[in-house]
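Note: hydrogens, waters and symmetry copies are ignored here, and every other heavy atom, side chains too, is used. On a predicted model such as this, the values are computed, not experimentally measured, just so you know.
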Amino acid sequence: MEQDDKRIADLVNKLMDSNNLEKAPLDFTDKVMTKIEGLSETSAIVYKPLIPKPVKWSIIVAILSFIGYILFKTPASEVGLTERYNLPELSFNLLDKIAFDFSSSLMYAMIFLVLMIGIQIPLMKQHFEKRLAI
């Protein structure tokens with residue numbers, strides 16, 4: 001075991017002695033520094049949202065308009081579509097047999113979670129905008 005270690009040590013020493021260290025050119029530091037200065041002159045990454053503001057506002061307006069139309073529409077007549085076109089009455093009562101009874105503490109926890117997420121998202125956005133602006 002010791003002979004193997006001695007042989008390995010002798011081999012490593014022989015390889016280290018035979019390998020001459022390469023020397024850098026005289027202007028190596030200047031070349032590296034000019035390249036680094038060239039890199040630092042590039043512009044910083046600017047945050048660009050995936051969905052532009054006009055598209056966001058048009059989606060919000062469309063949704064609010066749809067909700068307003070549903071809430072404030074007045075029926076043209078008292079006759080429904082099923083009566084007008086003589087369609088059969090269909091009822092989908094899939095969730096009638098299932099009753100959800102949430103405790104008040106669960107409701108408060110959900111409200112708290114929504115509030116904390118609503119606060120955290122703008123803070124995270126501001127943090128990452130500062131980080132990307134440099």
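Residue Val61 is not grouped with residue Ile51 when hydrophobic side chains (ILVMFWY) are merged at heavy-atom distances under 4.5 angstrom, including chains of intermediate members.
In this structure, Leu26 has no side chain to side chain contact (heavy atoms under 4.5 Å, CB included) partners at least two apart in sequence or on a different chain.
Asp4 places a side-chain heavy atom less than 4.5 Å from the side chain of Arg7.
To the nearest 0.5 Å, the span separating CG on Asn13 from CD1 on Ile8 amounts to 12.0 Å.
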Audit row: Ile59, Lys56, side chain to side chain contact (heavy atoms under 4.5 Å, CB included) steps and yes/no: CA-CA 5 Å; Ile59 291 171; Lys56 283 182 188 177; 5.9 Å; no
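Here Trp57 is tied into one hydrophobic group with Ile60, Leu64, each link being a pair of ILVMFWY side chains closer than 4.5 Å.
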Distance-only donor-acceptor hits, side chain of residues 107-126, under 3.5 Å, sequence neighbours excluded:
none

